[in-house]
Amino acid sequence: MIDDNEELIIYVKKQIKEHRETINYDSEPRDYIDAFLIEQKKQNPNLEDKSGEWSDMQLIGSCYDLFGAGMETTSTTTHTFFFYMLHYPKIQAKIHEEIDRVIGKDKIITMSDQNSLPYFNACLQEAQRIITLMPINPFHETIDDVIIDGYTIPKGATIIPQFDIVHKDETVFENPQKFDPTRFLDEQNKFKVDDRVMPYSLGKRGCLGKSLAKMELFLFWTTFLQHFEFRPEDQNNLPPFEFDYSLSKNIKPFNVRVIERK
Ligand code: HEM
C-alpha cells in the first residue's frame with residue numbers, strides 16, 4: 001500500500017510539473033490542476049508558503065484525496081454489484097432484457113439513456129442500499145447544540161453516522177437482506193428515487209464526487225451488461241458473502257465467468 005501511495009504521489013507531482021509547463025493562465029482551465037494553479041498564482045504567487053493554503057503540498061494532497069476517495073469506492077461498489085449478479089441471475093437476465101429492448105446491442109450507452117432504463121435504475125439504487133460501501137461513515141462534529149427528535153446533541157459532540165443501520169432496518173425496508181429492485185418500482189414499473197438510500201452520506205460534507213460516481217456506475221454497469229453475461233465459476237458453489245473491512249466494506253475476491261453476449 002505504501003508503494004502504491006508513493007507511486008501515486010510521484011504521478012501527481014509529474015502531472016503538476018507538466019501542467020505548470022503547459023498552462024495558459026489566461027484561458028479556461030483544462031482540469032482541476034489548472035484551476036488550482038490559476039488560483040495559486042493569485043493567492044500564493046511566489047510559492048512562499050510551502051505547506052499551507054494554495055501550496056503545491058495542498059494540491060498534491062487534494063489530488064491524492066480525489067484518487068483515494070474516487071477510485072476504491074467506485075471499483076469496490078462495481079465488483080460487489082457483479083457479485084450480486086452471480087447470486088441473482090434472474091435479475092441479471094431482466095437487466096439484459098431491458099437493455100436489449102430499449103438500447104439494443106450496438107448503440108453506445110450515454111447518460112441520456114438513463115431515464116429509459118427504470119428496472120436498471122432500481123437495481124442500481126438497490127445495489128447501493130444493500131452494499132452500503134461505508135457502513136461507518138467518516139466522523140463529524142457538531143458546531144452547535146442540535147435537537148433531533150427531542151434529543152439534544154451538544155456542541156462539540158463526535159457524530160459517527162451509520163447509514164447501514166437505516167439501509168438494513170426492516171421497519172424502513174421490508175426484508176432488507178434481500179436484493180430486490182422491485183421495491184423501487186411503482187405500479188407502472190416506473191423507477192422511484194428513494195431518499196432513504198444514502199450511500200453518499202448527507203449535507204455539506206457529503207460525498208463530493210456523488211454526481212460523477214452516479215454517472216460512472218450507470219455507464220460502466222449498463223455497458224458491461226449490454227455486452228457481457230456474468231456467471232459463477234461453479235453454478236453449484238457460489239462465492240460466499242465474505243467481506244474485508246477497512247473504511248469501506250469490500251467483498252472478498254471471487255472468480256467469475258464473463259461471457260460475451262452475441
Ligand atoms: C460509489 C462511489 C462512492 C461512494 C459510495 C462514496 C461515498 C462517500 C461517503 C459516504 C463519503 C463520506 C461523507 C461524509 O463524511 O459524510 C464520501 C466523501 C467523499 N467522497 Fe465519495 N463516494 C464515492 C465516489 C466518489 C468519487 C468518484 C469521488 C471523486 C472523484 C469522491 C470524492 C469524495 C470526497 C472528496 C469526499 C470527502 C468530502 C468531504 O469531506 O467534504 N467520492 N464519499
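Counting convention: from 1, in listed order, for ligands and their atoms alike.
- Only the side chain of N137 comes within 4.0 Å of ligand 1, judged by heavy-atom distances.
- Under a 4.0 Å N-O distance rule, the pair D194/R196 qualifies as a salt bridge.
- For ligand 1, the polar-atom distance check finds no N/O of T74 at less than 3.5 Å from any of the ligand's N/O atoms.
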Trace of the side-chain hydrogen bond (donor to acceptor under 3.5 Å, both in side chains) decision for N250 with S248: CA-CA 6 Å; N250 306 319; S248 58; 3.1 Å; yes

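- For atom 40 (O) of ligand 1, the closest heavy atom belonging to the protein is R205 NH2, 2.8 Å.
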Could you give the side-chain donor-acceptor pairs of residues 206-221 under 3.5 Å, partners two or more places apart or in another chain?
residue	atom	partner	partner atom	Å
W221	NE1	T78	OG1	3.0

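- Protein heavy atom at the shortest distance from atom 11 (C) of ligand 1 is M134 CE, 4.0 Å.
- Atom NZ of K190 is surrounded by 12 or fewer heavy atoms from other residues, nucleotides or ligands within 6.0 Å.
- T77 OG1, 3.4 Å is the protein heavy atom nearest to atom 1 (C) of ligand 1.
- Close approach to P138 involves these atoms of ligand 1, each under 4.0 Å from a residue heavy atom: 12 (C), 15 (O).
- D31 meets the side-chain hydrogen bond (donor to acceptor under 3.5 Å, both in side chains) test with H19; sequence neighbours excluded.
- For I143, the CD1 atom sits in a loose shell: 12 or fewer heavy atoms of surrounding residues, nucleotides or ligands are nearer than 6.0 Å.
- Ion pairing between a basic and an acidic side chain is recognised when a charged N comes within 4.0 Å of a carboxylate O; R30 and E28 show no such pairing.
- Other residues, nucleotides and ligands place more than 12 heavy atoms under 6.0 Å from the NZ atom of K249.
- Protein nitrogen, oxygen and sulfur atoms, that is N, O or S, within less than 2.8 Å of atom 21 (Fe) of ligand 1 amount to 1.
- Looking at residues two or more places apart in sequence or on another chain, you find a side chain to side chain contact (heavy atoms under 4.5 Å, CB included) between T73 and L133, M134.
- At a 3.5 angstrom cut-off on N or O pairs, H140 counts as close to ligand 1.
- Counting only heavy atoms of the protein, atom 30 (C) of ligand 1 lies nearest to L212 CD2, 3.7 Å.
- Looking only at side-chain heavy atoms (C-beta outward), F36 and Q58 come within less than 4.5 Å of each other.
- Of all atoms in ligand 1, numbered sequentially from 1 with element shown, those under 4.0 Å from a heavy atom of P199 are 5 (C), 7 (C), 10 (C).
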